[in-house]
Protein chains: 2
Amino acid sequence: MPRASDRLIEQIKNEIFSGLLKPGDQLEEAELSKRFGVSRTPIREAIRSMVDGGFLETRPRKGAMVRVLTAKELNDLFEVAAELEGMAARLASESLTLSHKKSIQEGLQQCKDAAAKEDPTAYAAANLVFHAAIHRAAGNEWLIDQLERLQARINVYRLLPYEVVGRLEKSVEEHEQIADAIFNKDGATANTLMRDHIMLQGARLPSLLKALE
Amino acid sequence: MPRASDRLIEQIKNEIFSGLLKPGDQLEEAELSKRFGVSRTPIREAIRSMVDGGFLETRPRKGAMVRVLTAKELNDLFEVAAELEGMAARLASESLTLSHKKSIQEGLQQCKDAAAKEDPTAYAAANLVFHAAIHRAAGNEWLIDQLERLQARINVYRLLPYEVVGRLEKSVEEHEQIADAIFNKDGATANTLMRDHIMLQGARLPSLLKALE
DNA sequence: CATGGCTTATATGTATACATATAGCAACTA
DNA sequence: TAGTTGCTATATGTATACATATAAGCCATG
(Lines give C-alpha, C1' and ligand atoms only; values in the text may rest on other atoms or scores of the structure.)
Protein backbone atom coordinates (compact mmCIF):
# COMPACT_ATOMS: atom_id res chain seq x y z
CA MET A 1 0.00 0.00 0.00
CA PRO A 2 1.55 3.29 -1.12
CA ARG A 3 1.89 6.12 1.31
CA ALA A 4 -0.46 9.06 1.07
CA SER A 5 2.42 11.52 1.32
CA ASP A 6 4.06 10.03 -1.78
CA ARG A 7 0.84 10.46 -3.74
CA LEU A 8 0.54 14.00 -2.48
CA ILE A 9 4.00 14.92 -3.67
CA GLU A 10 3.07 13.91 -7.20
CA GLN A 11 -0.30 15.64 -7.01
CA ILE A 12 1.08 18.90 -5.71
CA LYS A 13 3.92 18.81 -8.24
CA ASN A 14 1.32 18.33 -10.95
CA GLU A 15 -0.56 21.36 -9.70
CA ILE A 16 2.65 23.34 -10.00
CA PHE A 17 3.54 21.94 -13.41
CA SER A 18 0.02 22.51 -14.71
CA GLY A 19 0.10 26.11 -13.61
CA LEU A 20 -2.66 25.76 -11.00
CA LEU A 21 -0.11 26.70 -8.38
CA LYS A 22 2.13 29.51 -9.47
CA PRO A 23 5.44 30.73 -8.08
CA GLY A 24 4.75 32.79 -5.00
CA ASP A 25 1.49 31.05 -4.13
CA GLN A 26 1.01 30.23 -0.47
CA LEU A 27 0.21 26.66 0.57
CA GLU A 28 -2.08 26.35 3.56
CA GLU A 29 -1.91 22.98 5.22
CA ALA A 30 -5.55 22.99 6.31
CA GLU A 31 -6.71 23.87 2.82
CA LEU A 32 -4.61 21.14 1.20
CA SER A 33 -5.79 18.76 3.89
CA LYS A 34 -9.43 19.35 3.01
CA ARG A 35 -8.79 19.35 -0.71
CA PHE A 36 -6.93 16.03 -0.78
CA GLY A 37 -8.98 14.39 1.94
CA VAL A 38 -6.11 13.47 4.25
CA SER A 39 -4.92 14.85 7.55
CA ARG A 40 -2.22 17.46 7.94
CA THR A 41 0.45 14.90 8.82
CA PRO A 42 1.07 13.50 5.31
CA ILE A 43 0.57 17.00 3.92
CA ARG A 44 3.42 18.27 6.05
CA GLU A 45 5.66 15.39 5.00
CA ALA A 46 4.95 16.07 1.34
CA ILE A 47 5.75 19.74 1.84
CA ARG A 48 8.99 18.78 3.58
CA SER A 49 10.05 16.69 0.59
CA MET A 50 9.18 19.36 -1.88
CA VAL A 51 11.20 21.91 0.05
CA ASP A 52 14.18 19.56 -0.16
CA GLY A 53 13.49 19.14 -3.86
CA GLY A 54 13.63 22.89 -4.33
CA PHE A 55 10.01 23.33 -5.37
CA LEU A 56 8.84 25.09 -2.24
CA GLU A 57 10.40 27.25 0.41
CA THR A 58 9.38 27.68 4.01
CA ARG A 59 10.09 30.11 6.79
CA PRO A 60 9.43 29.05 10.37
CA ARG A 61 5.85 29.87 11.36
CA LYS A 62 5.28 31.34 7.93
CA GLY A 63 4.25 28.28 5.99
CA ALA A 64 5.25 27.14 2.53
CA MET A 65 5.09 28.89 -0.80
CA VAL A 66 5.93 27.87 -4.33
CA ARG A 67 9.52 28.88 -4.88
CA VAL A 68 10.21 31.87 -7.03
CA LEU A 69 13.38 31.75 -9.07
CA THR A 70 15.17 34.92 -10.03
CA ALA A 71 16.63 35.19 -13.50
CA LYS A 72 20.09 34.54 -12.08
CA GLU A 73 19.00 31.43 -10.21
CA LEU A 74 17.41 30.04 -13.34
CA ASN A 75 20.58 30.80 -15.27
CA ASP A 76 22.65 29.05 -12.61
CA LEU A 77 20.32 26.06 -12.84
CA PHE A 78 20.77 25.77 -16.60
CA GLU A 79 24.51 26.19 -16.29
CA VAL A 80 24.70 23.16 -14.00
CA ALA A 81 22.24 21.20 -16.11
CA ALA A 82 24.34 21.93 -19.21
CA GLU A 83 27.50 20.76 -17.48
CA LEU A 84 25.95 17.51 -16.31
CA GLU A 85 24.27 16.83 -19.63
CA GLY A 86 27.66 17.35 -21.27
CA MET A 87 29.18 14.95 -18.77
CA ALA A 88 26.52 12.38 -19.63
CA ALA A 89 27.31 12.72 -23.31
CA ARG A 90 31.01 12.25 -22.63
CA LEU A 91 30.47 9.19 -20.46
CA ALA A 92 28.04 7.75 -22.99
CA SER A 93 30.66 8.01 -25.71
CA GLU A 94 33.24 6.35 -23.50
CA SER A 95 31.19 3.26 -22.71
CA LEU A 96 28.77 2.83 -25.55
CA THR A 97 27.05 -0.52 -26.00
CA LEU A 98 25.04 -1.55 -29.03
CA SER A 99 21.81 -1.54 -27.10
CA HIS A 100 22.39 1.96 -25.78
CA LYS A 101 23.27 3.12 -29.27
CA LYS A 102 19.96 1.78 -30.51
CA SER A 103 18.06 3.60 -27.76
CA ILE A 104 19.72 6.87 -28.66
CA GLN A 105 18.97 6.36 -32.34
CA GLU A 106 15.37 5.59 -31.43
CA GLY A 107 15.08 8.82 -29.46
CA LEU A 108 16.67 10.76 -32.29
CA GLN A 109 14.17 9.32 -34.75
CA GLN A 110 11.26 10.36 -32.54
CA CYS A 111 12.64 13.88 -32.49
CA LYS A 112 12.90 13.92 -36.28
CA ASP A 113 9.32 12.70 -36.66
CA ALA A 114 7.95 15.28 -34.24
CA ALA A 115 9.94 18.06 -35.89
CA ALA A 116 8.72 16.99 -39.33
CA LYS A 117 5.14 17.26 -38.07
CA GLU A 118 5.99 20.58 -36.41
CA ASP A 119 4.37 19.31 -33.21
CA PRO A 120 6.01 21.06 -30.24
CA THR A 121 4.24 18.86 -27.67
CA ALA A 122 5.38 15.65 -29.31
CA TYR A 123 8.84 17.14 -29.70
CA ALA A 124 9.06 17.93 -26.00
CA ALA A 125 8.31 14.29 -25.21
CA ALA A 126 10.73 12.98 -27.86
CA ASN A 127 13.37 15.35 -26.59
CA LEU A 128 13.09 13.79 -23.14
CA VAL A 129 13.38 10.30 -24.66
CA PHE A 130 16.55 11.25 -26.52
CA HIS A 131 18.23 12.80 -23.51
CA ALA A 132 17.11 9.99 -21.19
CA ALA A 133 18.69 7.46 -23.56
CA ILE A 134 22.00 9.28 -23.28
CA HIS A 135 21.68 9.45 -19.50
CA ARG A 136 21.22 5.71 -19.28
CA ALA A 137 24.09 5.13 -21.69
CA ALA A 138 26.34 7.14 -19.37
CA GLY A 139 25.78 4.45 -16.75
CA ASN A 140 26.22 6.72 -13.73
CA GLU A 141 23.20 6.31 -11.44
CA TRP A 142 23.94 9.34 -9.33
CA LEU A 143 24.24 11.48 -12.45
CA ILE A 144 20.93 10.16 -13.74
CA ASP A 145 19.30 11.04 -10.44
CA GLN A 146 20.68 14.58 -10.44
CA LEU A 147 19.61 15.14 -14.03
CA GLU A 148 16.09 13.95 -13.25
CA ARG A 149 15.86 16.40 -10.37
CA LEU A 150 17.10 19.24 -12.54
CA GLN A 151 14.68 18.26 -15.27
CA ALA A 152 11.77 18.31 -12.83
CA ARG A 153 12.89 21.67 -11.53
CA ILE A 154 13.09 23.16 -15.00
CA ASN A 155 9.79 21.62 -16.07
CA VAL A 156 7.96 24.12 -13.89
CA TYR A 157 8.67 26.74 -16.51
CA ARG A 158 7.70 24.67 -19.52
CA LEU A 159 4.38 26.54 -19.68
CA LEU A 160 5.97 29.89 -20.29
CA PRO A 161 4.88 31.01 -23.73
CA TYR A 162 8.17 31.27 -25.52
CA GLU A 163 8.74 31.26 -29.20
CA VAL A 164 9.90 27.99 -30.71
CA VAL A 165 9.46 28.71 -34.40
CA GLY A 166 12.42 27.35 -36.30
CA ARG A 167 13.94 26.01 -33.12
CA LEU A 168 12.75 22.43 -33.66
CA GLU A 169 14.75 21.87 -36.83
CA LYS A 170 17.82 23.44 -35.30
CA SER A 171 17.44 21.30 -32.20
CA VAL A 172 17.25 18.16 -34.32
CA GLU A 173 20.43 19.14 -36.13
CA GLU A 174 22.20 19.58 -32.84
CA HIS A 175 20.91 16.21 -31.66
CA GLU A 176 22.28 14.57 -34.77
CA GLN A 177 25.69 16.11 -34.26
CA ILE A 178 25.72 15.06 -30.62
CA ALA A 179 24.69 11.51 -31.49
CA ASP A 180 27.39 11.33 -34.18
CA ALA A 181 30.04 12.46 -31.71
CA ILE A 182 28.91 9.84 -29.20
CA PHE A 183 28.85 7.10 -31.83
CA ASN A 184 32.35 8.12 -32.94
CA LYS A 185 33.46 7.89 -29.32
CA ASP A 186 34.55 11.52 -29.43
CA GLY A 187 33.79 12.37 -25.81
CA ALA A 188 35.25 15.89 -25.84
CA THR A 189 33.16 16.97 -28.81
CA ALA A 190 30.01 15.29 -27.48
CA ASN A 191 30.52 17.11 -24.20
CA THR A 192 30.93 20.53 -25.79
CA LEU A 193 28.09 20.13 -28.26
CA MET A 194 25.71 18.98 -25.56
CA ARG A 195 26.64 21.80 -23.22
CA ASP A 196 26.06 24.40 -25.91
CA HIS A 197 22.81 22.69 -26.87
CA ILE A 198 21.41 22.95 -23.35
CA MET A 199 22.63 26.48 -22.80
CA LEU A 200 20.93 27.56 -26.02
CA GLN A 201 17.67 26.13 -24.74
CA GLY A 202 18.09 27.85 -21.44
CA ALA A 203 19.38 31.16 -22.69
CA ARG A 204 15.96 32.56 -23.46
CA LEU A 205 14.25 31.67 -20.20
CA PRO A 206 16.05 34.05 -17.84
CA SER A 207 15.40 37.05 -20.06
CA LEU A 208 11.79 36.00 -20.42
CA LEU A 209 11.54 35.60 -16.69
CA LYS A 210 13.03 39.02 -16.15
CA ALA A 211 10.47 40.47 -18.53
CA LEU A 212 7.68 38.95 -16.45
CA GLU A 213 8.81 40.54 -13.21
CA MET B 1 12.37 29.78 17.51
CA PRO B 2 14.01 27.02 15.47
CA ARG B 3 12.09 23.92 14.63
CA ALA B 4 12.86 20.70 16.43
CA SER B 5 13.03 18.76 13.18
CA ASP B 6 15.81 20.99 11.90
CA ARG B 7 17.83 20.37 15.04
CA LEU B 8 17.19 16.66 14.71
CA ILE B 9 18.51 16.55 11.17
CA GLU B 10 21.81 17.95 12.33
CA GLN B 11 21.95 15.68 15.36
CA ILE B 12 21.22 12.52 13.42
CA LYS B 13 23.65 13.52 10.70
CA ASN B 14 26.29 14.00 13.38
CA GLU B 15 25.58 10.53 14.69
CA ILE B 16 26.17 9.20 11.21
CA PHE B 17 29.30 11.28 10.63
CA SER B 18 30.71 10.34 14.02
CA GLY B 19 30.23 6.69 13.33
CA LEU B 20 27.63 6.13 16.05
CA LEU B 21 25.16 5.22 13.34
CA LYS B 22 26.70 3.03 10.70
CA PRO B 23 25.49 2.17 7.19
CA GLY B 24 22.80 -0.45 7.48
CA ASP B 25 21.69 0.53 10.97
CA GLN B 26 17.95 0.62 11.51
CA LEU B 27 16.33 3.79 12.86
CA GLU B 28 13.32 3.19 15.11
CA GLU B 29 11.13 6.24 15.47
CA ALA B 30 10.08 5.42 19.02
CA GLU B 31 13.69 4.95 20.10
CA LEU B 32 14.82 8.23 18.52
CA SER B 33 11.77 9.89 20.03
CA LYS B 34 12.78 8.85 23.54
CA ARG B 35 16.45 9.58 22.99
CA PHE B 36 15.94 13.13 21.71
CA GLY B 37 12.99 13.93 23.95
CA VAL B 38 10.54 14.91 21.24
CA SER B 39 7.51 13.23 19.76
CA ARG B 40 7.53 11.08 16.65
CA THR B 41 6.22 13.87 14.44
CA PRO B 42 9.42 15.93 14.12
CA ILE B 43 11.40 12.67 14.05
CA ARG B 44 9.48 11.58 10.99
CA GLU B 45 10.01 14.93 9.31
CA ALA B 46 13.73 14.76 9.95
CA ILE B 47 13.86 11.24 8.52
CA ARG B 48 11.95 12.45 5.49
CA SER B 49 14.53 15.16 4.83
CA MET B 50 17.43 12.81 5.29
CA VAL B 51 15.93 10.37 2.82
CA ASP B 52 15.71 13.18 0.29
CA GLY B 53 19.30 14.08 1.10
CA GLY B 54 20.40 10.54 0.35
CA PHE B 55 21.53 9.69 3.87
CA LEU B 56 18.75 7.25 4.68
CA GLU B 57 16.49 4.97 2.73
CA THR B 58 13.02 3.78 3.60
CA ARG B 59 10.69 1.06 2.44
CA PRO B 60 6.97 1.39 3.17
CA ARG B 61 6.17 -0.18 6.54
CA LYS B 62 9.81 -1.15 6.97
CA GLY B 63 11.21 1.98 8.51
CA ALA B 64 14.41 3.85 7.78
CA MET B 65 18.00 2.69 7.71
CA VAL B 66 21.31 4.41 7.12
CA ARG B 67 21.98 4.13 3.42
CA VAL B 68 24.58 1.65 2.30
CA LEU B 69 26.53 2.62 -0.78
CA THR B 70 27.98 -0.02 -3.04
CA ALA B 71 31.44 0.53 -4.47
CA LYS B 72 29.88 1.51 -7.79
CA GLU B 73 27.54 4.03 -6.22
CA LEU B 74 30.42 5.64 -4.39
CA ASN B 75 32.41 5.74 -7.59
CA ASP B 76 29.47 7.36 -9.40
CA LEU B 77 29.23 9.91 -6.62
CA PHE B 78 32.88 10.89 -6.95
CA GLU B 79 32.61 11.04 -10.70
CA VAL B 80 29.84 13.64 -10.43
CA ALA B 81 31.64 15.50 -7.65
CA ALA B 82 34.78 15.64 -9.78
CA GLU B 83 32.86 17.02 -12.75
CA LEU B 84 31.17 19.73 -10.68
CA GLU B 85 34.37 20.66 -8.86
CA GLY B 86 36.01 20.97 -12.26
CA MET B 87 33.15 23.16 -13.40
CA ALA B 88 33.58 25.37 -10.34
CA ALA B 89 37.28 25.76 -11.11
CA ARG B 90 36.49 26.71 -14.69
CA LEU B 91 33.85 29.25 -13.69
CA ALA B 92 36.12 30.67 -11.02
CA SER B 93 38.83 31.30 -13.59
CA GLU B 94 36.35 32.99 -15.91
CA SER B 95 35.05 35.50 -13.40
CA LEU B 96 37.80 35.99 -10.88
CA THR B 97 37.71 39.02 -8.62
CA LEU B 98 40.54 40.21 -6.42
CA SER B 99 38.66 39.34 -3.24
CA HIS B 100 37.95 35.81 -4.43
CA LYS B 101 41.57 35.42 -5.42
CA LYS B 102 42.61 36.38 -1.92
CA SER B 103 40.21 33.84 -0.40
CA ILE B 104 41.61 31.07 -2.56
CA GLN B 105 45.18 32.05 -1.65
CA GLU B 106 44.19 32.06 2.00
CA GLY B 107 42.78 28.53 1.71
CA LEU B 108 45.89 27.40 -0.12
CA GLN B 109 48.10 28.79 2.61
CA GLN B 110 46.10 26.93 5.29
CA CYS B 111 46.64 23.71 3.34
CA LYS B 112 50.38 24.37 3.15
CA ASP B 113 50.59 25.01 6.88
CA ALA B 114 48.66 21.87 7.77
CA ALA B 115 50.72 19.77 5.38
CA ALA B 116 53.95 21.17 6.83
CA LYS B 117 52.80 20.12 10.29
CA GLU B 118 51.68 16.76 8.88
CA ASP B 119 48.34 17.21 10.60
CA PRO B 120 45.69 15.29 8.64
CA THR B 121 42.80 16.69 10.71
CA ALA B 122 43.86 20.29 10.15
CA TYR B 123 44.47 19.47 6.50
CA ALA B 124 40.95 18.12 6.08
CA ALA B 125 39.56 21.41 7.40
CA ALA B 126 41.95 23.52 5.29
CA ASN B 127 41.06 21.44 2.27
CA LEU B 128 37.39 22.35 2.74
CA VAL B 129 38.31 26.04 3.05
CA PHE B 130 40.30 25.93 -0.21
CA HIS B 131 37.56 24.21 -2.15
CA ALA B 132 34.81 26.39 -0.64
CA ALA B 133 36.72 29.50 -1.73
CA ILE B 134 36.70 28.22 -5.31
CA HIS B 135 33.02 27.37 -5.10
CA ARG B 136 32.17 30.90 -4.02
CA ALA B 137 34.43 32.34 -6.70
CA ALA B 138 32.46 30.38 -9.30
CA GLY B 139 29.44 32.46 -8.35
CA ASN B 140 26.82 29.84 -9.22
CA GLU B 141 24.54 29.37 -6.21
CA TRP B 142 22.95 26.18 -7.49
CA LEU B 143 26.38 24.67 -8.09
CA ILE B 144 27.47 25.60 -4.58
CA ASP B 145 24.36 23.94 -3.18
CA GLN B 146 24.94 20.75 -5.12
CA LEU B 147 28.59 20.61 -4.09
CA GLU B 148 27.65 21.07 -0.45
CA ARG B 149 25.23 18.16 -0.67
CA LEU B 150 27.82 15.97 -2.32
CA GLN B 151 30.39 16.99 0.28
CA ALA B 152 28.02 16.05 3.10
CA ARG B 153 27.28 12.77 1.41
CA ILE B 154 30.96 11.91 1.03
CA ASN B 155 31.80 13.05 4.55
CA VAL B 156 30.08 9.95 5.92
CA TYR B 157 33.10 7.98 4.82
CA ARG B 158 35.75 10.31 6.15
CA LEU B 159 36.26 8.01 9.13
CA LEU B 160 37.40 5.09 7.04
CA PRO B 161 41.01 4.38 8.01
CA TYR B 162 42.77 4.92 4.75
CA GLU B 163 46.40 5.63 4.23
CA VAL B 164 47.33 9.25 3.65
CA VAL B 165 51.11 9.09 4.02
CA GLY B 166 52.69 11.26 1.37
CA ARG B 167 49.28 12.26 0.07
CA LEU B 168 49.23 15.62 1.85
CA GLU B 169 52.25 17.02 0.03
CA LYS B 170 50.97 15.75 -3.28
CA SER B 171 47.57 17.25 -2.61
CA VAL B 172 49.13 20.63 -1.88
CA GLU B 173 51.05 20.51 -5.13
CA GLU B 174 47.85 19.81 -7.00
CA HIS B 175 46.12 22.67 -5.20
CA GLU B 176 48.92 25.03 -6.24
CA GLN B 177 48.64 24.01 -9.87
CA ILE B 178 44.87 24.42 -9.79
CA ALA B 179 45.15 27.86 -8.17
CA ASP B 180 47.74 28.92 -10.75
CA ALA B 181 45.47 27.86 -13.60
CA ILE B 182 42.58 29.80 -12.10
CA PHE B 183 44.71 32.89 -11.53
CA ASN B 184 45.95 32.65 -15.14
CA LYS B 185 42.32 32.47 -16.27
CA ASP B 186 43.04 29.13 -17.95
CA GLY B 187 39.62 27.59 -17.41
CA ALA B 188 40.20 24.41 -19.39
CA THR B 189 43.34 23.51 -17.47
CA ALA B 190 41.79 24.39 -14.12
CA ASN B 191 38.83 22.16 -14.98
CA THR B 192 40.97 19.17 -15.93
CA LEU B 193 43.37 19.50 -13.00
CA MET B 194 40.53 19.77 -10.52
CA ARG B 195 38.70 16.79 -11.95
CA ASP B 196 41.78 14.63 -11.76
CA HIS B 197 42.48 15.90 -8.26
CA ILE B 198 39.07 14.83 -6.98
CA MET B 199 39.10 11.51 -8.79
CA LEU B 200 42.48 10.72 -7.21
CA GLN B 201 41.00 11.36 -3.79
CA GLY B 202 38.03 9.19 -4.58
CA ALA B 203 39.79 6.39 -6.36
CA ARG B 204 40.83 4.60 -3.20
CA LEU B 205 37.48 4.68 -1.41
CA PRO B 206 35.57 2.24 -3.59
CA SER B 207 38.24 -0.42 -3.41
CA LEU B 208 38.46 0.10 0.33
CA LEU B 209 34.71 -0.19 0.58
CA LYS B 210 34.74 -3.36 -1.45
CA ALA B 211 37.34 -4.82 0.90
CA LEU B 212 35.07 -4.09 3.85
CA GLU B 213 32.13 -6.00 2.42
C1' DC C 1 9.58 -33.64 12.81
C1' DA C 2 8.37 -30.35 9.47
C1' DT C 3 5.12 -27.28 7.55
C1' DG C 4 1.30 -24.26 7.25
C1' DG C 5 -1.98 -21.19 9.06
C1' DC C 6 -3.54 -18.38 12.82
C1' DT C 7 -2.64 -15.18 16.57
C1' DT C 8 -0.50 -11.52 18.49
C1' DA C 9 3.01 -8.10 19.10
C1' DT C 10 5.13 -4.19 17.31
C1' DA C 11 6.37 -0.49 14.40
C1' DT C 12 4.85 2.39 10.74
C1' DG C 13 1.21 5.40 8.73
C1' DT C 14 -2.55 8.56 9.69
C1' DA C 15 -5.67 11.37 12.27
C1' DT C 16 -6.71 14.48 15.82
C1' DA C 17 -5.92 17.25 19.80
C1' DC C 18 -3.15 20.67 22.00
C1' DA C 19 0.53 24.57 22.31
C1' DT C 20 2.39 28.64 20.66
C1' DA C 21 3.98 32.23 17.72
C1' DT C 22 2.66 35.56 14.25
C1' DA C 23 -0.29 38.86 12.06
C1' DG C 24 -4.19 41.66 11.69
C1' DC C 25 -7.35 44.72 13.71
C1' DA C 26 -9.16 47.78 16.91
C1' DA C 27 -8.98 50.96 20.51
C1' DC C 28 -6.59 54.29 22.97
C1' DT C 29 -3.19 57.92 23.48
C1' DA C 30 -0.21 61.67 22.10
C1' DT D 1 -4.55 61.86 12.54
C1' DA D 2 -0.74 58.87 13.24
C1' DG D 3 1.36 55.60 16.01
C1' DT D 4 1.49 52.20 19.45
C1' DT D 5 -0.22 48.63 22.33
C1' DG D 6 -2.89 44.75 23.40
C1' DC D 7 -6.36 41.39 22.12
C1' DT D 8 -7.82 37.88 19.18
C1' DA D 9 -7.87 34.88 15.32
C1' DT D 10 -5.46 31.70 12.74
C1' DA D 11 -1.93 28.83 10.99
C1' DT D 12 2.15 26.40 12.14
C1' DG D 13 4.68 23.21 15.27
C1' DT D 14 4.31 19.35 18.43
C1' DA D 15 2.29 15.65 21.01
C1' DT D 16 -0.68 11.85 21.42
C1' DA D 17 -4.16 8.64 20.08
C1' DC D 18 -5.80 5.44 16.71
C1' DA D 19 -5.48 2.23 12.44
C1' DT D 20 -3.19 -1.13 9.95
C1' DA D 21 0.30 -3.90 7.81
C1' DT D 22 4.21 -6.86 8.68
C1' DA D 23 6.51 -10.40 10.94
C1' DA D 24 7.45 -13.56 14.43
C1' DG D 25 5.97 -17.18 17.38
C1' DC D 26 3.04 -20.91 18.49
C1' DC D 27 -0.08 -24.44 17.89
C1' DA D 28 -2.14 -27.85 15.14
C1' DT D 29 -1.91 -31.18 11.62
C1' DG D 30 0.19 -34.02 8.03
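Within every chain, numbering begins at 1; the chains are lettered A, B, ... in the order of the sequence lines, protein sequences first and strands thereafter.
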Item to complete: Would you indicate, yes or no, if D:dG13 has its OP1 or OP2 atom less than 4.0 angstrom from a side-chain nitrogen or oxygen of A:R44?
Response: yes
Using atom [atom1] of [X] as one end and atom [atom2] of [N] as the other, report the distance to the nearest whole Å.
X     : N      : atom1 : atom2 : answer
B:I47 : C:dT12 : CD1   : P     : 7 Å
A:L32 : D:dT12 : CG    : P     : 9 Å
A:R48 : D:dT12 : CZ    : P     : 14 Å
A:R59 : C:dA23 : CZ    : P     : 10 Å
B:E45 : C:dG13 : CD    : C1'   : 14 Å
A:F36 : C:dG13 : CZ    : P     : 20 Å

Worksheet item: How about B:H131 and B:H197: are their ring centroids closer than 6.0 Å?
Response: yes
What I'd like to find out is whether the side chain of [X] reaches to under 4.5 Å of the side chain of [Y], using heavy atoms alone.
X      : Y      : result
A:L56  : A:I16  : yes
A:R153 : B:W142 : yes
A:I154 : A:F78  : yes
A:L32  : A:E29  : no
A:M87  : A:L143 : yes

Return the polar atom pairs (N/O with N/O) between nucleotides 16-19 of chain C and the protein under 3.5 Å, or none.
residue: C:dT16; atom: O4; partner: A:T41; partner atom: OG1; Å: 3.4

Is the shortest side-chain N to carboxylate O distance from [X] to [Y] below 4.0 Å?
X      : Y      : answer
B:K22  : B:D25  : no
A:E15  : A:R35  : yes
B:D52  : B:R48  : no
B:K117 : B:D113 : no

Discussion item. Return whichever of A:G63 or B:P42 has its heavy-atom-nearest nucleotide of DNA chain D closer to the 5' end.
Written reply: A:G63
Report each atom pair, protein N/O against N/O of nucleotides 23-25 of chain D, whose distance is under 3.5 angstrom.
residue: D:dA23; atom: OP1; partner: B:K62; partner atom: NZ; Å: 3.0

Discussion item. Short of 4.0 Å, heavy atom to strand atom, which residues of residues 21-31 of chain A count as contacting DNA chain C?
Written reply: none
Worksheet, complete the sentence: Which of A:T70, A:N75, A:D76 passes side-chain hydrogen bond (donor to acceptor under 3.5 Å, both in side chains) with A:K72? Answer is A:D76
